[in-house]
Structure formats: C-alpha cells, structure tokens
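These notes are about the structure you will find just below.
Per chain, numbering begins at 1; letters A, B, ... match sequence-line order. Predicted model only: the values in this text are computed from it and were never measured.
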Protein chains: 2
Amino acid sequence: MARNDSTAAQGADRLLASDLAQDLSFLVARLRSRGSAAANARLAPLDLKVRSYSVLSLACGDPSPSQRELAEFLWLDPSQIVALVDGLEGRGLVRRETDPSDRRSKLVLGTARGRELCARARVAASAAEDDSLRALGAGERAALRALLARAAFGPAD
Amino acid sequence: MARNDSTAAQGADRLLASDLAQDLSFLVARLRSRGSAAANARLAPLDLKVRSYSVLSLACGDPSPSQRELAEFLWLDPSQIVALVDGLEGRGLVRRETDPSDRRSKLVLGTARGRELCARARVAASAAEDDSLRALGAGERAALRALLARAAFGPAD
DNA sequence: TATTGTTATACTCTATAACTATA
DNA sequence: TATAGTTATAGAGTATAACAATA
C-alpha cells in the first residue's frame, strides 16, 4: 500500500498543533496529494490521469491552445507536453494542427472522440472534488476557488 | 530551463477562460508547483528541500513524532520517511530514539544543530510564501489558510 | 538570432512488495 | 496475527541540454 488508507489514519492528530500545520505551502501540498490521488482514482476507468486530463480538457476548449501555451498554463516543461500530446494523439483523442499564421507552432485540438471522453472525465473530476473536499460546504468551496485562482495566476516572484 | 521563467510568461492568458481554470484540483496543483519551486529555491542554500524541511520541522517540534506519525501526517509512504530521516540523521540534524513504551516505534528528535537550522529554514519558508502569494493580502492569506487547513485535514472519501 | 517543437538523458519522486523485530 | 521500520526495485514525474524547422 502506498501512503495511508483512510481506515488507518488516526494516530497523528497530535501533530496538528505543530507549526508546520499552519504553513500555507505545506497545506497546499497536502491537499494536492489527496486531491490528485482522488482524481487519479476517478479518472483511471477512463485511462486518464490528472495531467493527461488537463491537456485533453484544454484541447477540447474553445480557444485551441498551442503546445507552448499548454506548457505555460499547466506549469510544465514543453518537452513534457510533447509526451502527453503524443499519448492522447495515439488514442485518437486530440490532433495536432500547424498554426497557419506561425508554422513553428502547433495547435492541439480535441477530436469528436476526445470531446466525448472529456465530457465524461469532467464528471469524474467533479466527483473527485467532492471526495477530497467533503469538509467544505458549497460557499466555502467557492471562496476557496476564488482565492486559489488569484494566488495561482497572480504575480509570482 | 525547466518550465517557464517569469519573464517569458505572457502568452497563455486567453486560456484563463477555460473550464479548467475554474477546477479546484487544477488550481491547487498549479499553486503547489509554484509554491514548492519558490520554497526549494529559498531552502537550497540550507541544503534542504520542502520534504526534508517538513520532516525537520516536525522533528524539532514539541511532541516528537514517530516515523509512523510522520508518514501519516506528511501523506508519504513509511519507506520514504526512512530515506528522509536517514539524510537528516547523517547530517546530524535529527536523531532516532526508540520509544520506551513500544520498542518497535522510533521517535525522531531534532538535535541542537537541527533546531538551529530549522529556525533559519522557517525564515526561508516564510519568504517563499511571500514569493508565491504576492497576489494576496494578509487577510486573504489568513482566510486561505483556514480553508486549506480544514480541507487538507478534513474527512477524505 | 530567437522561438516552437522534438528527442534524449538523467535525476527525483512515488508506488509496491518483501523482510525483521517487536507486540 | 498485526504493526513499525527497513530494504529493494520499478515506474511516474521532473529537469536539462541539444537539435531541426521556422520566424
């Protein structure tokens, strides 16, 4: 077993009093670990993971992203985008299209099959959010979303 | 270069309109990427990373944690804790002590040198938080902290 | 000369199972 | 029989450099 299953988690509560438990970066990291574990579990039946789902979701959106934009937005290296797009393209979920206005750049577009799978993946991702944020009500989730959006895309350094 | 340096990030703003940009799990993941990059940069002069800092910080706290508790609290596998404690112990920053009440269990305690380094690391971690959360004011950070604490330690699944 | 995508490589992180010693 | 720690190994994720095509 990796990490701790929920049935075994009952002994470390006394560490909640530690300084680290109030460290924002630590809290974000812990929530991400739990959240991505939940999301990967929900996406597994669709043969997707959080990273491939992110690429698929953006590719199926309205302004079709270039690989360069995907790398910037997902905070990944361009070379990692290549591998992710390769995987999705091999399954017929997205396709590359050279940008007519800049032949260096390749746009990534969702296929019909990709959009269909993406719709199902969104449902799975939403269920995973419920799994990992059970402690928060709808209003609190909205407040958290607004704060995170500003923090995640705001000026860094 | 890995990922994107801040000077080059200006082209993917149009993807902010995507569905994914409102996905809570995605926002948490992106903020964590940025936050841990900032924290690792600040901790590098002390030869620490976010994970080793987390262990050191807990070991230097008041209720000395067992390795089992560290694994549960940090959401890591027990086998990963072994490697992290090995590294810190080899540098004389923490030491293992068999729990008298259960000789299977080993408590991890910070040494004098470890506590001194930990104090400096806390300053670095705080500076990293400023780096990555520049977009939020003090009140917003407090609100975010409270929401994250409940979400990160609340019931999961 | 700079940028987009690509390939290749190495390194870190994470997952999993088996083993030991204690309980 | 169960639990805490350890070891070993494999796979996923990440970092870095070099190259071709295009600007």
**Complete:** Rounded to whole Å, CZ of B:Arg68 lies from C1' of D:dT6 at a distance of 15 Å
**Atom pair distance, as rounded to whole Å: CD in B:Gln80 and C1' in D:dA12** = 12 Å
**Asked** In residues 90-106 of chain B, which residues come under 4.0 Å of DNA chain C by heavy atom?
**Response** B:Asp102, B:Arg103, B:Arg104
**Message:** Please enumerate all residues that pass side chain to side chain contact (heavy atoms under 4.5 Å, CB included) together with B:Glu116, with sequence neighbours excluded.
**Reply:** B:Arg120
**Message:** The criterion is salt bridge (Lys or Arg N to Asp or Glu O under 4.0 Å); which residues satisfy it with A:Asp86, sequence neighbours excluded?
**Reply:** A:Arg96
**Fill in**
Tracing side-chain contacts under 4.5 Å among Ile, Leu, Val, Met, Phe, Trp and Tyr outward from A:Leu109 reaches A:Leu107
**Request:** Could you name each residue pair satisfying salt bridge (Lys or Arg N to Asp or Glu O under 4.0 Å) that touches residues 43-67 of chain A, not counting sequence neighbours?
**Result:** none
**Prompt:** When we call it a touch if two heavy atoms are under 4.0 Å apart, what does B:Ser66 touch: a base, just sugar-phosphate, or nothing?
**Reply:** sugar-phosphate
**Item:** For A:Ala149, all residues meeting side chain to side chain contact (heavy atoms under 4.5 Å, CB included), sequence neighbours excluded
**Value:** B:Leu27
**Which residues share a side chain to side chain contact (heavy atoms under 4.5 Å, CB included) with B:Glu140, sequence neighbours left out** = A:Leu147, A:Arg150, B:Leu136
**Request:** Would you kindly give the CG-to-P distance between B:Asn40 and D:dA15, to the nearest whole Å?
**Result:** 9 Å
**Prompt:** Listed in order of residue number, which residues of residues 43-55 of chain A have a non-hydrogen atom at under 4.0 Å from DNA chain C?
**Reply:** none
**Request:** Tell me, please, which residues at least two apart from B:Cys118 pass side chain to side chain contact (heavy atoms under 4.5 Å, CB included).
**Result:** B:Leu56, B:Ser57, B:Cys60, B:Arg122
**Request:** Using only side-chain N and O atoms of A:Gln67, determine if any of them is under 4.0 Å from OP1 or OP2 of C:dT6.
**Result:** yes
**Prompt:** Does B:Glu89 come within less than 4.0 Å of B:Arg91, counting only side-chain N to carboxylate O?
**Reply:** no
**Asked** Roughly, in whole Å, what's the span from CG in A:Leu76 to P in D:dA12?
**Response** 17 Å
